[in-house]
Amino acid sequence: MSGRSEEFREFARDRGWPLQQTAYLLCGDWHAAQDVVQETLIKAYRHWPRVKRAGNPDAYVRGILLNEVRDRWRRPEKAEPAVPDASDDIARRDRLRQALLELPLQQRMTVVLRYLEDQTQVETAKLLGCSEGTVKSQSSRALGTLRTFLTRTESKL
């Protein structure tokens with residue numbers, strides 16, 4: 001096996017699950033998330049020398065993943081959000097997932113990158129191709145929407 005293949009295989013093995021979790025939070029469906037991650041890793045492998053030269057393979061591949069999600073979101077035949085995961089027995093976690101899916105895609109990406117992927121404002125802005133001010137305003141709007149949604153759903157329990 002070539003050095004490139006082995007090096008990429010190790011990267012994919014180490015980053016596959018975190019990419020899957022991020023994709024799930026953005027798509028709301030495990031199957032769609034698996035498809036997104038698979039396409040992301042295929043593209044990363046095809047351009048692996050460029051990915052490595054970028055200096056931060058994680059950020060580069062995360063950018064590919066975000067583009068894959070955007071491409072799927074733009075397609076006219078959007079899939080309905082999945083039924084909540086049957087194995088997810090924690091109601092609050094399920095409500096958070098539902099709340100995330102209520103957010104517009106840009107706000108959802110901002111929240112996932114900033115608060116679930118623990119990216120800085122600078123890193124998030126770079127990945128999303130926007131200014132830090134946009135990240136701040138998107139975060140603020142998204143958190144307000146999440147609070148409202150979670151308060152509303154908790155009052156129904």
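Residues: numbered from 1 along the sequence shown.
- Hydrophobic cluster membership is shared by Leu146 and Leu105, with clusters built from Ile, Leu, Val, Met, Phe, Trp and Tyr side chains linked at under 4.5 angstrom.
- The side-chain hydrogen bond (donor to acceptor under 3.5 Å, both in side chains) search around Thr120 returns Glu123, not counting sequence neighbours.
- Arg108 places a side-chain N or O within 3.5 Å of a backbone atom of Leu103 that can act as its donor or acceptor partner.
- For the pair Leu66 and Met109, the tightest heavy-atom approach, listed with the atom from each and the gap, is O-CE, 3.5 Å.
- By the side-chain contact (heavy atoms from CB on, under 4.5 Å) test, Gln34 pairs with Gln20, His31, sequence neighbours left out.
- For the pair Leu96 and Leu150, the tightest heavy-atom approach, listed with the atom from each and the gap, is N-CD2, 3.9 Å.
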#### Entry: Residues Trp73, Cys27; criterion side chain to side chain contact (heavy atoms under 4.5 Å, CB included); working and verdict
CA-CA 9 Å; Trp73 188 262; Cys27 298; over 6 Å; no

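- Between the CZ atom in Arg46 and the CZ atom in Phe8 there is a gap of 11.0 Å [rounded to 0.5 Å].
- Applying the side-chain hydrogen bond (donor to acceptor under 3.5 Å, both in side chains) test to Asn67 and every residue at least two apart in sequence or in another chain returns Arg70.
- In this model, no donor atom of one side chain and acceptor atom of the other lie less than 3.5 Å apart for Tyr115 and Thr110.
- Residue Leu41 holds its CG atom at 12.0 Å from CZ of Arg9, rounded to the nearest 0.5 Å.
- Between atom CD of residue Gln98 and atom CZ of residue Arg95 there is a gap of 8.5 Å, rounded to the nearest 0.5 Å.
- What you find for Ala59 and Leu127 is that their closest heavy atoms are O-CD2, 3.2 Å.
- In this structure, Val135 and Cys130 approach most closely via the heavy-atom pair CG2-SG, 3.8 Å.
- Follow the hydrophobic side-chain contacts under 4.5 Å out from Trp17 and you reach Tyr24 in the same cluster.
- Atoms CZ and CG, from Arg62 and Asn56 in turn, are 7.5 Å apart once rounded to the nearest 0.5 Å.
- When the side-chain hydrogen bond (donor to acceptor under 3.5 Å, both in side chains) test is applied to Arg114, no partner is found at least two apart in sequence or on another chain.
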### Lys136/Ser140 under side chain to side chain contact (heavy atoms under 4.5 Å, CB included): CA gap, chis, key distance, verdict
CA-CA 6 Å; Lys136 289 179 187 178; Ser140 177; over 6 Å; no

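- When every heavy atom of Ala99 is checked against every heavy atom of Phe149, the shortest pair comes out as CB-CD2, 3.2 Å.
- Considering all non-hydrogen atoms of both residues, Ala23 and Val37 come closest at CB-CG2, 3.9 Å.
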### Query
When you look at Val36 and Arg72, which way does the side chain to side chain contact (heavy atoms under 4.5 Å, CB included) test go after all the steps?
CA-CA 8 Å; Val36 165; Arg72 287 173 183 270; 3.2 Å; yes

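- Hydrophobic clustering (ILVMFWY, side-chain heavy atoms < 4.5 Å, transitive): Ile42 and Phe11 are in distinct clusters.
- Here Arg53 pairs with Pro49, Arg50 under the side-chain contact (heavy atoms from CB on, under 4.5 Å) rule; sequence neighbours left out.
- One finds the CG atom of Asp71 at 10.0 Å from the CD atom of Glu39 (value rounded to the nearest 0.5 Å).
- Side chains of Thr22 and Leu116 form no contact here, defined as non-hydrogen atoms less than 4.5 Å apart.
- Applying the side-chain hydrogen bond (donor to acceptor under 3.5 Å, both in side chains) test to Gln107 and every residue at least two apart in sequence or in another chain returns nothing.
- Residue Leu113 holds its CG atom at 13.5 Å from NZ of Lys126, rounded to the nearest 0.5 Å.
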